[in-house]
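Quick notes on the structure that follows.
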Number of protein chains: 2
Amino acid sequence: MLMKKNEEFVQSVNPKGQKSCDSFHNTIEFIGKRWMGIIIYHLLDGPKRFFELSAEIDGISDRLLTERLRDLEAHGLVVKNQSDPKVRKVEYELTPKGKELEDIIQAIFEWVKKNGCCYEE
Amino acid sequence: MLMKKNEEFVQSVNPKGQKSCDSFHNTIEFIGKRWMGIIIYHLLDGPKRFFELSAEIDGISDRLLTERLRDLEAHGLVVKNQSDPKVRKVEYELTPKGKELEDIIQAIFEWVKKNGCCYEE
DNA sequence: TTTTTAAGATTACTATTAGTAAGCTTGTTT
DNA sequence: AAACAAGCTTACTAATAGTAATCTTAAAAA
């Protein structure tokens, strides 16, 4: 599998026989949180205001948009820009680290392009 | 953003001004479900038995492993092989469609490699 | 000037999803 | 014959998500 392509990522095996891939695990679970991918996807366009994200992302609530943006901030993937605190203009922008998530989003796009949707309700 | 790289994916905008990207949305939410990525990652090694996945994936419960495998089956990403129904040997294997998820997993690996872990508790 | 509206949240509550633990069935090992 | 293992399923609790209402402050409208 991918380990062959990236020798650096050959996984060690712990005493229980489990692969130790905590940072991979943590990352995949973090960016896999509900709405996370879509938010990142929309931020790849450039900095956006809260209400813009809210309007563009169909179905997300203010509560979860706030929560996810705080998560992203806390992990250094997004910065919150509020030039003048007196003015209610807050912009959220991907950090360089956040922008590098584009490759992941791109890979998902490619998959969908080849394989179509995998999920319908 | 990525739309520039993939003209096919230029998004249309619906009357509410929302990007219409349902198959992308559905897919990202599906593969972003808790444990999904890790399960796919472990299946990229080749076909595996239930107890092997259970042992390799630190912290997953039988209940959710079953549930996720059923999800994956239902969406054609995994097939369940049980050569002889009298023998309790069940193997789960990625379909070609499932194997193509490797690029996504790979992209996450690359990100972690460059940027380190984004999440710790 | 008073009223209304909008941005960017927070709070309270319900519903859905995940985690924990036990149990079930059938075949194999001791 | 008893104990154990694979692959589930069930019942229950905890955590996360969804819905809706509310809040603050500033600017726009009346």
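Remember, it's a predicted structure, so these values are computed and weren't measured experimentally. Quick note on labels: first sequence line is chain A, next is B, and so on, each numbered from 1.
When every heavy atom of A:Y92 is checked against every heavy atom of A:L43, the shortest pair comes out as O-CD2, 3.5 Å. The shortest heavy-atom contact between B:E29 and A:R34 is OE1-CG, 2.7 Å. A:R49 and A:E52 make their closest contact through N-OE1, 2.7 Å (heavy atoms, listed as atom of the first residue, atom of the second, distance). Among all heavy-atom pairs drawn from B:S23 and A:V112, the shortest one is OG-CG1, 3.4 Å. Of all non-hydrogen atoms in B:K48 and B:H42, the two that sit nearest each other are NZ-O, 2.9 Å. In this structure, B:I105 and B:G37 approach most closely via the heavy-atom pair CD1-O, 3.8 Å.
In this structure, CD1 of B:I57 is placed 15 Å from C1' of C:dG19, rounded to the nearest angstrom. Protein atom CG of B:L65 is 13 Å distant from nucleotide atom P of C:dA18, rounded to whole Å. B:I38 has its CD1 atom 15 Å from the C1' atom of C:dA18, to the nearest Å. A straight line from CD of A:Q82 to C1' of C:dA9 spans 11 Å, rounded to a whole angstrom. To the nearest angstrom, P of D:dG7 lies 15 Å from CD1 of B:I60. Regarding B:K89, its NZ atom lies at a distance of 14 Å from the P atom of D:dC8, rounded to whole Å. The CZ atom of A:F50 sits 18 Å away from the P atom of D:dT25 (whole-angstrom rounding). Atom CZ in A:R49 sits about 15 Å away from atom P in D:dA26, given to the nearest Å.
One finds a side-chain N or O of A:Y92 lying less than 4.0 angstrom from the OP1 or OP2 phosphate oxygen of C:dA9.
Salt bridge A:E91/A:K80: absent, no basic N to carboxylate O contact under 4.0 Å.
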- Note on the structure: Nucleotide by nucleotide, nucleotides 25-30 of chain C touches protein heavy atoms under 4.0 Å in the pattern (B base, S sugar-phosphate only, - none) -BBS--

- For nucleotides 14-19 of chain D, just jot down a letter per nucleotide in 5' to 3' order: B, S or -, based on protein non-hydrogen atoms under 4.0 Å. --SBBB

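When atom types are taken as modelled, the side chain of B:T66 and the backbone of B:D62 share a donor-acceptor pair closer than 3.5 angstrom.
Candidate nucleotides C:dG8, D:dG7, D:dT9 were compared by shortest atom distance to the side chain of B:F51, and D:dG7 ranks first.
Using cut-offs of 30° and 60° on the angle between ring planes, the pair B:F109 and A:F24 is parallel.
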